[in-house]
Trainee: 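To start, I am sharing the structure in question, which I have written as structure tokens.
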Amino acid sequence: MSETATGSTDAESAGTKRTTSGATIQLEDLTKHYPGNPSPAVDSVSMDIKAGETVIFVGPSGCGKSTTLKMINRLIEPSSGRIRINDEDVTDIDPVKLRRKIGYAIQSSGLFPHMTVAENIALVPKMVGWSKSKVKDRVEEMLDLVGLDPREFHGRYPRALSGGQQQRVGVARALAADPPVLLMDEPFGAVDPITRDHLQDELIRLQHELHKTIVFVTHDFDEAIKLGDRIAVLRERSHIAQFDTPEAILTNPTDDFVSGFVGAGAALKRLNLTRVRDVEMAAFPTVTVDDPLQSIFNKLRSGPHNELLMLDRRNRPYKWLRRGDLMRARGSLARAGQLVHDTVTRDATLHDALEAVLTDSGGRAAVTGRRGEFIGVVDMQTLMNSVHELLEADRLAAIEHQHDLEEMRSQQTEAELEGGPGA
Ligand SMILES: Nc1ncnc2c1ncn2[C@@H]1O[C@H](COP(=O)(O)OP(=O)(O)O)[C@@H](O)[C@H]1O
Ligand SMILES: [Mg+2]
């Protein structure tokens with residue numbers, strides 16, 4: 001079964017152009033003691049989440065991620081502490097009412113097996129008293145939004161869907177009543193890696209349109225980096241080891257626990273955070289289809305390269321030409337060289353560029369601008385150089401950061417020794 005999005009991705013045509021954006025969430029000393037357990041599962045977590053941001057809770061299994069998340073919609077009652085949503089203290093309001101304002105999606109999709117897809121999605125809108133026709137429209141709209149054809153999926157039962165499709169319906173249901181807040185607990189944990197990748201992309205696209213406040217739990221740091229505006233790395237009892245942007249956590253992990261999580265593969269992760277436009281591209285000789293054969297020949301012979309790139313009339317990469325190709329061309333280039341079949345854009349990640357370079361028989365990839373025009377070439381050497389440089393820069397930034405911290409501390413100590421401002 002295909003996981004490809006079939007629905008419209010255009011906010012206007014899907015009728016989802018709405019102003020609702022997320023709400024702020026504040027957790028204040030939130031604590032959970034499970035009965036019979038001497039130490040708390042979650043110990044005094046405080047955290048400010050901004051309206052419209054995606055915050056990821058990441059941490060080892062059992063550290064209290066799910067417990068913390070479920071306290072936000074009071075599926076689990078906190079033992080102490082407060083929860084504020086848009087500055088309203090919701091710690092003591094009716095949890096059922098609260099949950100209608102908060103979408104919730106979980107790993108196994110949580111769909112009711114005896115209800116059709118449409119009935120599952122309609123659940124909360126019906127409960128909050130929407131009219132029949134409004135609910136009906138909303139179901140269609142939601143299916144469309146998560147990339148499922150309403151006509152095809154409307155009347156199906158969950159068991160007749162693939163894992164990925166069930167997750168999509170789960171997300172559609174969570175969003176159906178247009179809640180400002182969406183809580184997601186390892187929602188893509190049970191699907192295969194390729195489907196997971198698709199679903200992650202879809203979530204990014206959705207969030208681009210909807211600007212909900214999303215709190216997303218995962219134990220997968222790569223998923224956290226991909227999806228998070230900010231990541232809270234949690235250690236045991238949900239103690240926050242670090243709460244910052246993906247870049248800051250990658251480049252300045254606060255301690256060994258966090259670096260352990262960032263861990264091996266830092267170079268590979270860096271590839272996902274850097275765009276082709278940020279690297280220095282190799283110089284590469286070009287000619288155009290209108291250049292006379294002789295001048296092309298001269299260029300190849302005189303330069304240090306044994307290859308050049310032929311551009312079409314609109315400056316787009318067209319063919320790779322090697323010396324040997326010209327020798328065999330005998331007066332016409334019509335059949336000479338190798339057509340460029342894969343290019344990367346300036347906005348592609350280095351990861352994408354590496355992929356293109358690795359699968360290209362010549363070990364290089366042409367980089368193009370917005371209208372497909374040629375900008376430069378990346379090859380293994382340029383990629384390696386830039387990754388080395390980036391990692392070195394990260395390392396220096398980390399040292400500098402450490403240095404700043406030490407300086408601050410020593411200044412503080414000095415001030416204390418001098419007896420403060422009154423002395
Ligand atoms: N209903 C429960 N009753 C008792 N202990 C629980 C319950 N749910 C979770 N725990 C315990 O609380 C801790 C945190 O669990 P959880 O929040 O599920 O962690 P995570 O989602 O990070 O894996 C674990 O030690 C777990 O065994
Ligand atoms: Mg969990």
Side-chain angles (χ1 to χ4, degrees), residues 25-47 49 54-83 85 90-91 95-96 98-99 102-111 163 166-167 170-171 173-174 181-193 195-196 199-200 203 213-228 230-244 246 249 253-263:
I25 303 173
Q26 283 158 296
L27 309 183
E28 224 178 87
D29 293 327
L30 209 54
T31 296
K32 180 64 188 181
H33 280 276
Y34 285 114
N37 205 328
S39 58
V42 171
D43 182 19
S44 193
V45 176
S46 297
M47 178 181 283
I49 296 171
T54 302
V55 164
I56 315 287
F57 291 174
V58 66
S61 176
C63 73
K65 302 181 295 293
S66 297
T67 303
T68 304
L69 193 76
K70 286 182 193 159
M71 284 195 282
I72 298 177
N73 65 359
R74 308 250 311 281
L75 274 172
I76 292 177
E77 285 298 336
S79 308
S80 62
R82 315 300 307 169
I83 305 150
I85 294 183
V90 297
T91 326
V96 176
L98 176 66
R99 286 202 280 279
I102 299 181
Y104 183 55
I106 55 175
Q107 181 172 112
S108 51
S109 87
L111 298 176
Q166 289 185 26
Q167 284 312 134
V171 172
R173 186 177 65 176
V181 173
L182 180 58
L183 307 181
M184 307 182 87
D185 195 347
E186 311 216 18
F188 311 143
V191 295
D192 65 89
T195 305
R196 185 179 319 144
L199 291 169
Q200 289 167 346
L203 183 66
T213 303
I214 299 179
V215 187
F216 186 111
V217 164
T218 182
H219 60 262
D220 175 356
F221 193 70
D222 292 325
E223 184 166 65
I225 288 186
K226 181 166 175 186
L227 298 177
R230 287 195 293 165
I231 299 172
V233 183
L234 304 180
R235 56 168 88 232
E236 66 287 351
R237 298 193 289 283
S238 272
H239 284 172
I240 299 173
Q242 189 165 7
F243 184 26
D244 214 328
I249 288 177
T254 40
D255 58 20
D256 290 348
F257 178 83
V258 178
S259 5
F261 237 92
V262 175

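Along the sequence shown, residues carry numbers from 1. One-based numbering, in listed order, for ligands and for the atoms of each.
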Trainee: Nearest 0.5 Å, what's the CG-OG1 distance between Leu182 and Thr213?
Mentor: 9.5 Å

Trainee: Determine whether Ile106 and Asp185 satisfy the following criterion, side chain to side chain contact (heavy atoms under 4.5 Å, CB included), listing intermediate values before the conclusion.
Mentor: CA-CA 5 Å; Ile106 55 175; Asp185 195 347; 4.2 Å; yes

Trainee: Say whether, by atom type as modelled, one donor and one acceptor occur between the side chain of Gln242 and the main chain of Thr254 under 3.5 angstrom.
Mentor: yes

Trainee: List by chain and number: which residues place a heavy atom under 4.0 Å from ligand 1?
Mentor: Tyr34, Ala41, Pro60, Ser61, Gly62, Cys63, Gly64, Lys65, Ser66, Thr67

Trainee: Protein N/O/S atoms under 2.8 Å from the Mg ion (ligand 2): how many?
Mentor: 1

Trainee: Show your working on salt bridge (charged side-chain N to carboxylate O under 4.0 Å, His left out) between Arg235 and Asp255 and close with a plain yes or no.
Mentor: CA-CA 11 Å; Arg235 56 168 88 232; Asp255 58 20; 2.6 Å; yes

Trainee: Using the side chain to side chain contact (heavy atoms under 4.5 Å, CB included) rule, take Ile85 and Ile102 through it: C-alpha gap first, then chi angles, then the decisive distance, then the call.
Mentor: CA-CA 10 Å; Ile85 294 183; Ile102 299 181; 3.6 Å; yes

Trainee: Using modelled atom types and a 3.5 Å cut-off, is there a donor and acceptor pairing between side-chain atoms of Thr91 and backbone atoms of Ile83?
Mentor: yes

Trainee: Looking at Tyr104, does the NZ or CZ of Arg99 lie under 6.0 angstrom from its six-membered ring centre and within 45 degrees of the ring axis?
Mentor: no

Trainee: Working to the nearest 0.5 Å, report the span between OG of Ser46 and CD of Glu28.
Mentor: 6.5 Å

Trainee: Could you tell me whether the side chain of Lys65 and the main chain of Ser238 form a donor-acceptor pair under 3.5 Å?
Mentor: no

